[in-house]
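What follows is a single structure, written as structure tokens, with notes after it.
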2 protein chains.
Amino acid sequence: MPRNHRTQDREEKRNLIIDAAQHLFLRAGYEATAMTRLASAAGIAPNTIYWYFKDKDDVLIAVLDRELSARMADYLKQSFDNMTARLLWVVNQLELVSPLVSTVHARAQLAPAIHGWHEQFHRLIEALLRVELEAAGIPAEHIEAVMNIWVFTIEGLLTHTMTASQKQQICQTLSLGIPQQASA
Amino acid sequence: MPRNHRTQDREEKRNLIIDAAQHLFLRAGYEATAMTRLASAAGIAPNTIYWYFKDKDDVLIAVLDRELSARMADYLKQSFDNMTARLLWVVNQLELVSPLVSTVHARAQLAPAIHGWHEQFHRLIEALLRVELEAAGIPAEHIEAVMNIWVFTIEGLLTHTMTASQKQQICQTLSLGIPQQASA
DNA sequence: ACCTGAACACCGTTCAAGT
DNA sequence: ACCTGAACACCGTTCAAGT
């Protein structure tokens, strides 16, 4: 039982650091958040962070992983009337962490750990999306391309400021399918 | 004439720094390129850069502006058979500077100057795209949303590694219009 | 095992001084 | 006007030392 108690404490303290990191990363930005700033927000010495995390990128991954788990749990509980509603829900959820999207893309070029997380994240999103697109009757030979367009559009909605009505319009257009070119 | 000669020299030297910066930003990345490294590549003292540029972001903007002008000049010279060909050409051109796309998105959150450049860039791309979509017969009420989807897809193609056939598929699907849902 | 004060190497930028 | 050597404030991370 002492073993168990110890790891429990450790997990709790680790979570406190992740709390502080998430708050600061979202308000001030990842790069703009100094490790000393994060440490003082968590009430510890700067170097203590390195007993819980490998480096700064490892803290970011912890924030991302925890948030992803929570959002995934929420997602699986929902039921949606149509694809537009489903898409809008996902975008609105992800919007809470939208500042981190660009951060992940930028750091994935330099940090292999972030690169790996980003790839795994895409595999997850694409698997979920593929199921829905198949169910919606998209022909097999188009699934791959359509799925990519959806993913890119979700990312675009997150990385660019859009009004609610713009988001609505875009999600709807994507769900209905882009009209054929000058044929009708 | 001395006046002219002087500004000519200045412009030339400034361009040499931009050359070095573009090379390093694309190979090593913006953040990973130290000002000292850039200075030594350009054969000057680190602080000399600051006589030609306000700060590091200002160097980035100079690289972006120069490359954008060159690509725009190329674009206007081209003629395309269809939208797929046009889209593929643009993506392939932009791919040469694709590492900078994520950099711009990330820094736009922190640096107002980069934010401004990014917005102006989007206005330009969207104006060009709008003309083509109108000519292709997309109904007016869908133009805005379709345009955003195209822009987001272009950005997605640049920020994620894709095979040539994936790119081809995606550009084609986007040009033909996304198939209706389970109706036919 | 857990935590720290002090230090390290590095960064973008500035400043006083030169021509 | 143009350029520099030296310094500044700051950064992520490490290390020796404590409990």
Side-chain angles (χ1 to χ4, degrees), chain A residues 1-18 20-21 24-25 27-63 103-104 106-114, chain B residues 1-18 20-21 24-25 27-63 103-104 106-114:
Chain A
M1 194 183 312
R3 174 76 184 288
N4 209 328
H5 186 236
R6 274 299 183 105
T7 64
Q8 183 74 0
D9 281 355
R10 182 173 168 83
E11 212 57 31
E12 269 174 34
K13 185 145 188 185
R14 206 183 123 96
N15 257 309
L16 285 179
I17 300 175
I18 300 177
L24 288 168
F25 289 173
R27 306 282 168 126
Y30 175 75
E31 283 177 54
T33 300
M35 292 299 265
T36 55
R37 180 78 191 78
L38 171 55
S40 79
I44 52 177
N47 38 8
T48 301
I49 297 172
Y50 291 86
W51 196 83
Y52 293 89
F53 301 95
K54 191 178 153 290
D55 53 23
K56 196 181 179 183
D57 284 320
D58 197 35
V59 181
L60 176 58
I61 289 175
V63 169
T103 304
V104 167
R107 291 225 46 89
Q109 295 181 67
L110 306 167
I114 303 286
Chain B
M1 192 185 311
R3 174 76 184 288
N4 210 330
H5 186 237
R6 274 299 182 103
T7 63
Q8 183 74 0
D9 281 355
R10 182 174 168 82
E11 213 56 33
E12 269 174 35
K13 185 146 189 184
R14 206 183 124 97
N15 257 310
L16 285 180
I17 300 174
I18 300 176
L24 288 168
F25 289 172
R27 306 281 168 126
Y30 176 74
E31 284 176 53
T33 300
M35 291 300 264
T36 55
R37 180 77 190 78
L38 171 56
S40 79
I44 52 178
N47 37 10
T48 301
I49 299 172
Y50 291 87
W51 196 82
Y52 293 90
F53 300 96
K54 192 178 153 288
D55 53 23
K56 196 180 179 183
D57 285 320
D58 197 34
V59 180
L60 176 58
I61 289 176
V63 170
T103 304
V104 167
R107 292 227 43 91
Q109 295 180 69
L110 306 167
I114 303 287

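Below, read A as the first sequence line, B as the second, and so on, with proteins coming before strands; counting in each chain starts at 1.
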Quiz item: Please give, in whole Å, the distance from D:dA1 P to B:E11 CD?
Solution: 17 Å
Self-check item: Any donor-acceptor pair under 3.5 Å from A:R107 side chain to A:I114 backbone
Solution: no
Self-check item: Closest to side chain of A:A34, choosing from C:dC3, D:dC3, D:dG12
Solution: D:dG12
Quiz item: If we call it a pair only when both distances are under 3.5 Å in a Watson-Crick or G-U wobble match, what pairs with C:dG12?
Solution: D:dC8
Exercise. Could you tell me which nucleotide pairs with C:dA1 by Watson-Crick or G-U wobble geometry, both distances under 3.5 Å, or answer none if nothing does?
Key: D:dT19
Self-check item: Most 5' of B:I44 and A:E31 on DNA chain D, judged by nearest nucleotide
Solution: B:I44
Quiz item: For the side chain to side chain contact (heavy atoms under 4.5 Å, CB included) test, which of A:Y52, A:Y50, A:F53 pairs with A:D58?
Solution: A:F53
Quiz prompt | Min side-chain heavy-atom separation B:T103-B:F25 under 4.5 Å | solution = no
Self-check item: For atom CZ of A:R37 and atom C1' of D:dT13, their distance in whole Å
Solution: 20 Å
Practice problem: For B:D55 and D:dA9, give me the distance from atom CG to atom P, rounded to whole Å. | Solution: 20 Å
Quiz item: Which nucleotide in the set D:dC3, C:dG12, D:dG12 lies at the smallest distance from any side-chain heavy atom of B:K56?
Solution: C:dG12
Quiz item: At under 4.0 Å between heavy atoms, what does A:F53 touch on the DNA or RNA strands: base, sugar-phosphate, or nothing?
Solution: nothing
Quiz item: D:dT13 P sits how many Å from A:L38 CG, rounded?
Solution: 11 Å
Self-check item: Proximity to the side chain of A:T36 - top-ranked nucleotide from C:dT4, C:dG12, D:dC11
Solution: D:dC11
Exercise. Look at the side chain of A:M35 and decide which nucleotide, out of D:dC3, C:dT14, D:dG12, has an atom nearest to it.
Key: D:dG12
Practice problem: Measure from the side-chain heavy atoms of A:Y50 and tell me the nearest of D:dC3, D:dT14, C:dT4. | Solution: D:dT14
Quiz item: Can you check the A:R107 CZ to D:dG12 P distance for me, whole Å?
Solution: 10 Å
Quiz item: Nearest to the side chain of B:K13 - C:dT4, D:dC3, C:dG12?
Solution: D:dC3
Exercise. Could you tell me the separation between the NZ atom of A:K56 and the CG atom of A:L60, rounded to the nearest 0.5 Å?
Key: 9.0 Å
Exercise. Could you tell me whether a side-chain N or O of A:T33 sits under 3.5 Å from a main-chain N or O of A:G29, the two making a donor and an acceptor?
Key: yes
Quiz prompt | Separation of atom CG in B:L110 from atom C1' in C:dG12, rounded to whole Å | solution = 14 Å
Quiz item: Which nucleotide, D:dC3, D:dT13, C:dC3, lies nearest any side-chain atom of B:T48?
Solution: D:dC3
Exercise. Measure the distance from CD on A:E12 to P on C:dA1 and round it to the nearest whole Å.
Key: 20 Å
